[in-house]
Amino acid sequence: MEPDVLNAFTQPVALNQFLAENVIAQGEKKKLIKPTSSNNPKLEELKLLLIDWINTTLKEEHVVVRSLEEDLYDGLVLHHLLENLASLKLDVDKIALTEKKQRQKLSVILEAVAKCLQLEESQLKWSVESIFTKDLLSTLHLLVAIAKHFKPSLAMPPNVQVETITIENTSRGLKTANAVEYITENKENLEAQSKGDAFDELFSRAPDKLDAVKKVFLQFVNQHVGKLGLNVKDIESEFADGVILLLLIGQLEGYFLNLRHFFLTPASTTEMLHNVNLALDLLTDGGLLNFSVNSEDIVNGDLKATMRILYSLYSKYKTKET
């Protein structure tokens, strides 16, 4: 077992107790909020705000939520909420008593949510399984996304972040990764970016150095994708479809990307956006993306946006051996 597992938890929640409560099957991977974040005041503030918003929205339907983990997993509250906010009539029973019917109900509801919010599968930070198993992190991401779409005036506390641990049960034992994940917008980073960064300075005040920086990035990229028989020559055009970016992330992070999860030869802007969004999600999950990125900028060949992404990888892996 890796040392990170032993260091990931503090009293009173012990590792053995945690693993007993969260059985992780062979080949399964779970991302969970670490107990060290359980008493985060801003997290509690967000939870209470969301509970109050749901109860106010569904007051006339006499729906009362007391716990986000315990009251939303079966889909009943989400069903009422989505019908109320989106004026939808979902083709599922209001009450589902068996586990099978509850999962089916959740599947219909979450599919409707993704359609309303115009989200691709790669952008979803929740799933039927995670909501049904009362995963707080997934439930919070789901509710925040719904609230931001249907109630943008809702004053959610900014910069709500939690410490997470991703645990994977591999053939060699438990593999873990620790990270910090934002649930609401990181306004400090957004404000810092809006004021400008090193790339704004580079483009506006030192354009003569731009080619030198591009050359460094190209050398870095080709050093790692070269073993795949690839050679990148142009940053602006060759990262637009997300393929090179995904393969680069796989090489640097040391894993194989299943070809069923992305389009190796994207034939449309939609497929390119899917690839880029998947890459951004992987970077975010790996703690490498702490600033806002518009995937459309990457697809449109925005050089500054693409270089920011490459720099996030370069700054961590510039000394990595091929």
Side-chain angles (χ1 to χ4, degrees), residues 118-120 122-123 125 148 158-159 161 179-182 184-226 228 230-253 257 262-263 265-266 268-320:
Q118 298 183 322
L119 296 173
E120 293 187 39
S122 63
Q123 296 175 278
K125 296 182 178 180
K148 284 175 63 178
N159 309 322
Q161 62 179 22
V180 173
E181 185 163 331
Y182 281 88
T184 60
E185 286 185 339
N186 180 358
K187 290 190 174 180
E188 293 173 358
N189 279 340
L190 291 176
E191 289 172 0
Q193 186 176 340
S194 67
K195 293 177 183 178
D197 61 8
F199 286 98
D200 288 320
E201 292 287 317
L202 176 65
F203 276 72
S204 63
R205 298 189 181 184
D208 54 308
K209 298 180 181 179
L210 185 58
D211 285 342
V213 176
K214 288 166 67 175
K215 184 177 180 181
V216 170
F217 284 168
L218 284 173
Q219 288 176 339
F220 167 72
V221 170
N222 287 321
Q223 177 186 3
H224 296 286
V225 301
L228 301 175
L230 300 171
N231 182 50
V232 178
K233 296 180 180 179
D234 183 71
I235 289 178
E236 291 172 86
S237 63
E238 294 186 63
F239 284 91
D241 63 7
V243 176
I244 297 293
L245 186 55
L246 284 169
L247 295 175
L248 176 63
I249 293 171
Q251 288 294 303
L252 294 171
E253 293 281 297
L257 285 167
F262 70 102
F263 298 95
T265 56
S268 66
T269 300
T270 300
E271 293 180 355
M272 293 166 69
L273 282 169
H274 171 90
N275 286 352
V276 172
N277 282 322
L278 175 58
L280 296 180
D281 288 342
L282 292 173
L283 290 172
T284 300
D285 290 344
L288 293 171
L289 200 65
N290 59 0
F291 53 89
S292 178
V293 180
N294 187 339
S295 55
E296 292 183 358
D297 289 341
I298 306 297
V299 172
N300 292 330
D302 185 292
L303 180 59
K304 192 186 298 183
T306 304
M307 290 181 72
R308 283 193 177 106
I309 296 296
L310 292 178
Y311 181 71
S312 69
L313 290 165
Y314 173 81
S315 59
K316 179 178 180 180
Y317 292 108
K318 57 187 175 184
T319 60
K320 180 181 175 69

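Everything quoted here is computed from the prediction, not taken from an experiment.
Looking at E253, its side chain never comes within 3.5 Å of a backbone N or O of I249 through a donor-acceptor pair. Looking at N222, its side chain does come within 3.5 Å of a backbone N or O of V232 through a donor-acceptor pair. Between the side chain of N294 and the backbone N or O of E296 there is at least one donor-acceptor pair closer than 3.5 Å. Judged purely by atom type and a 3.5 angstrom limit, N277 has no side-chain atom pairing as donor or acceptor with the backbone of Q123.
Going from atom CZ of F262 over to atom CG of L245 covers 11.0 Å, rounded to the nearest 0.5 Å. Atom CG of L280 is separated from atom CG of N275 by 11.0 Å, given to the nearest 0.5 angstrom. Rounding to the nearest 0.5 angstrom, the gap separating the CG atom in L282 from the CG atom in L278 is 4.5 Å. Here the CD atom belonging to Q251 is positioned 12.0 Å from the CG atom belonging to L246, to the nearest 0.5 angstrom.
A pairwise comparison of heavy atoms in V299 and M272 identifies CG1-CE, 3.8 Å as the closest pair. Contact detail for Y317 and L252: the closest heavy-atom pair is CE2-O, 3.4 Å. Closest approach of S295 to V276, counting heavy atoms only: CB-CG1, 3.7 Å. Scanning all heavy atoms of the two residues, the minimum distance from N231 to E238 falls at O-OE1, 3.8 Å. The minimum heavy-atom distance linking A305 with D297 is given by the pair CB-CB, 4.0 Å. Of all the heavy atoms in L283 and I309, the pair that sits closest is CD1-CG2, 3.8 Å.
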**Item:** Audit row: V221, L230, side chain to side chain contact (heavy atoms under 4.5 Å, CB included) steps and yes/no
**Value:** CA-CA 10 Å; V221 170; L230 300 171; over 6 Å; no
**Request:** Give the intermediate values and the outcome of side chain to side chain contact (heavy atoms under 4.5 Å, CB included) for residues F220 and L310.
**Result:** CA-CA 9 Å; F220 167 72; L310 292 178; 5.9 Å; no
**Item:** Check against side chain to side chain contact (heavy atoms under 4.5 Å, CB included), L303 and K214
**Value:** CA-CA 10 Å; L303 180 59; K214 288 166 67 175; 4.2 Å; yes
**Message:** Show, in sequence, the C-alpha distance, side-chain angles and deciding distance for Y311 and M307, and conclude whether the side chain to side chain contact (heavy atoms under 4.5 Å, CB included) test is met.
**Reply:** CA-CA 6 Å; Y311 181 71; M307 290 181 72; over 6 Å; no
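Note: H274 and F263 have perpendicular aromatic rings, judged against thresholds of 30 and 60 degrees for the angle between ring planes.
Applying the side-chain contact (heavy atoms from CB on, under 4.5 Å) test between L248 and each of L228, V243, L313 identifies L313 as the sole match.
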